[in-house]
Amino acid sequence: MKFKQSSLTVGELATGHGLSVPLFHIAGKDSQAPKVFIQANVHGAEVQGNAVIFQLMKRLEQMDVQGDVTILPLANPLGINQKSGEFTLGRFDPITGVNWNREYLDHQIDVASWYQRHCELDDKALIAAYRAELIASCDAHLNQQWGVTTGKRLAVTLQQLAHQADIVIDLHTGPKSCKHMYCPEYDVNSATLFSIAYTLVIPNEFGGAMDEAAFCPWWQLTEHMNAVGRDFQVPVAAFTLELGSQELIDLDDALTDAHGILAYLSHRGVVADKVEPAQMPRYGCYLKDYKKYHAPSAGLVEYKASLGHILYSGETLANVLRLDRFGTNEELTELVLNQDCVPILHFASASVYQGTELYKVMTNLFKLNL
């Protein structure tokens, strides 16, 4: 089975030229199997997801694909082409300053009223009707009288594609980062299938990102249905995979992550081929225990803590060099934390303002078991 390529228009430049990105689709054999949507590179510098997609597509074409798979690499042409010298800046919409991954639509559907109008439907028909409602909501937002911002048009166009799927995987990276993933509380067991050691377990709430935009409407519907006595399971799964550091491509490492995605897709019946998850220790951390450490002073930072490895209380997190204070006891300041943690990512630059988010660390970790 081969992928078919088309294109998706996500906006227009001031010159009138259309912004389009390549879109790949492979039709599964079984219309009842889960449908998949995978995207990468919503942030311009976060390119490794494209390498994972390359490895994933090469393998899917050799497999027995049961469910439809839609893949969108290079999802944000504006961000990808937002360059300054040798660096790619594209994390924020330069027009509005909003994070490209916080532009998705919160539908705010009155699920109680909606369900009252559709409660006679069986589960299959109800899922189809609610999916149509979400897609129509995106369409109405894009075509509203007052228009939408450039970033919102891009995001909601992508969101329409995501709402057509049962499984949504959004591929990102950090600035300087080890691999980790975001997984909603209701689906935490799924994190044991991916080839990623650290999982942030996020609340079943909308915060603006793609994974939340995909699963939150379904969680809200499920919660209401269960409250009124109808047994219903969330039919949509959505994850954000953080695949290391930005501005880097590593095809060998991408193969490892493609295997993890395939293990999950195999588990869900998207592919008939049996793909076993990697044998590795996996740990979870609730979002409330994911801490940000901000620079107590400006200066030049030597990042000492190794990403993805435990840092014990009192060990050096980083050193701050202040040449303007040479010859004083403030010329070199050691930064330490008073609790054990696992550093996950740190700021990309060694030159920082006071208050810069230097590190993000996981605390109160717990083991995830296959």
Side-chain angles (χ1 to χ4, degrees), residues 38 46 48-49 51-52 55-56 59 167 169-204 211 215 237-246 248 250-268 270-271 273-293 303-318 336-346 359-370:
I38 300 173
E46 300 181 9
Q48 177 66 3
V52 174
Q55 298 286 29
L56 186 63
R59 277 140 194 87
I167 298 167
I169 300 175
D170 194 12
L171 305 179
H172 286 257
T173 68
K176 299 296 182 181
S177 176
C178 70
K179 293 180 192 179
H180 57 291
M181 65 178 287
Y182 291 79
C183 180
E185 288 182 6
Y186 73 85
D187 202 14
V188 66
N189 289 337
S190 291
T192 62
L193 299 169
F194 294 92
S195 300
I196 293 179
Y198 297 103
T199 294
L200 272 167
V201 183
I202 61 176
N204 305 324
D211 53 357
F215 74 71
F239 313 97
T240 296
L241 274 53
E242 302 277 354
L243 304 169
S245 300
Q246 64 188 24
L248 294 172
D250 185 329
L251 286 169
D252 291 335
D253 201 36
L255 185 56
T256 298
D257 292 311
H259 179 93
I261 293 172
L262 288 172
Y264 177 75
L265 298 184
S266 172
H267 174 78
R268 290 293 309 274
V270 176
V271 294
D273 310 70
K274 188 66 174 176
V275 183
E276 295 291 345
Q279 295 297 313
M280 59 187 294
R282 295 173 173 84
Y283 300 91
C285 166
Y286 288 106
L287 189 62
K288 65 182 178 62
D289 294 322
Y290 190 43
K291 305 298 186 182
K292 301 175 182 178
Y293 181 82
Y303 298 98
K304 296 292 289 183
S306 297
L307 300 176
H309 298 277
I310 190 167
L311 180 77
Y312 293 101
S313 175
E315 291 186 333
T316 305
L317 181 70
V336 299
L337 298 175
N338 62 0
Q339 66 182 114
D340 297 348
C341 65
V342 173
I344 297 298
L345 60 82
H346 67 68
Y359 273 93
K360 286 185 178 180
V361 304
M362 288 186 177
T363 65
N364 299 325
L365 278 77
F366 50 91
K367 194 160 187 180
L368 299 175
N369 295 312
L370 276 171

Asker: Quick check: do F215 and I202 have side-chain heavy atoms less than 4.5 Å from each other?
Answerer: yes
Asker: Identify which one of V201, T199, D211 satisfies the side-chain contact (heavy atoms from CB on, under 4.5 Å) criterion when paired with Y182.
Answerer: D211
Asker: Could you pull out the closest heavy-atom pair between P277 and R282, with the gap in Å?
Answerer: CB-NH2, 4.2 Å
Asker: Rounded at 0.5 Å granularity, tell me how far CD1 in I38 sits from CG in L171.
Answerer: 6.5 Å
Asker: Which side chain to side chain donor-acceptor pair (under 3.5 Å) pairs, counting each pair once, include a residue from residues 186-195, with sequence neighbours left out?
Answerer: D187-S190
Asker: With heavy-atom distances below 4.5 Å as the criterion, would you say the side chains of Y303 and K176 are in contact?
Answerer: no
Asker: Which pair of non-hydrogen atoms, one from S245 and one from S177, has the smallest distance, and what is that distance?
Answerer: OG-N, 2.9 Å
Asker: I'd like to know if the side chain of H259 and the backbone of E276 have a donor-acceptor N/O pair within less than 3.5 Å.
Answerer: yes
Asker: Just by distance, with hydrogens left out, do H172 and E46 show a side-chain donor and acceptor under 3.5 Å apart?
Answerer: yes
Asker: With heavy-atom distances below 4.5 Å as the criterion, would you say the side chains of D273 and S266 are in contact?
Answerer: no
Asker: Starting at NZ of K179, measure out to OG1 of T173 and round the result to the nearest 0.5 Å.
Answerer: 12.0 Å
Asker: Quick one: does any side-chain atom of K288 pair with a main-chain N or O of C285 as donor and acceptor, under 3.5 Å?
Answerer: no
Asker: Under the side chain to side chain contact (heavy atoms under 4.5 Å, CB included) criterion, do V342 and Y283 qualify, and how do the steps go?
Answerer: CA-CA 10 Å; V342 173; Y283 300 91; over 6 Å; no
Asker: Answer yes or no: is there a donor N or O on one side and an acceptor on the other, between the side chain of Y198 and the main chain of I344, under 3.5 Å?
Answerer: no
Asker: Looking only at atom types and distance, does a side-chain atom of Q48 sit under 3.5 Å from a main-chain N or O of D250, one as donor and one as acceptor?
Answerer: yes
Asker: How long is the span from the CG atom in L193 to the CD1 atom in I196, to the nearest 0.5 Å?
Answerer: 11.5 Å
Asker: Evaluate the side-chain proximity of V52 to L241: yes if any heavy-atom separation is below 4.5 Å, no if none is.
Answerer: no
Asker: To the nearest 0.5 Å, what is the distance between CG (L200) and SG (C183)?
Answerer: 10.0 Å
Asker: On a heavy-atom basis, which atom in L287 and which in P203 lie closest, and how many Å separate them?
Answerer: CD2-CD, 3.8 Å
Asker: With rounding to the nearest 0.5 angstrom, report the CG to OG1 distance, L337 to T316.
Answerer: 10.5 Å
Asker: Are any of the side-chain heavy atoms of F239 and D170 separated by less than 4.5 Å?
Answerer: no
Asker: In Å, rounded to the nearest 0.5 Å, how long is the span from CG of L311 to OH of Y359?
Answerer: 8.0 Å
Asker: Indicate yes or no for a side-chain donor-acceptor contact from D340 to the backbone of S313 under 3.5 Å, with no hydrogens or angles considered.
Answerer: yes
Asker: Taking C-beta and beyond as the side chain, do L255 and R59 meet within less than 4.5 Å on heavy atoms?
Answerer: yes
Asker: Pairs of donor and acceptor atoms involving the side chains of residues 360-370, under 3.5 Å and at least two apart or interchain, shall be tabulated with distances.
Answerer:
| residue | atom | partner | partner atom | Å |
| --- | --- | --- | --- | --- |
| T363 | OG1 | D289 | O | 2.7 |
| N364 | ND2 | D289 | OD1 | 3.3 |

Asker: Who are the salt bridge (charged side-chain N to carboxylate O under 4.0 Å, His left out) partners of K274, not counting sequence neighbours?
Answerer: none
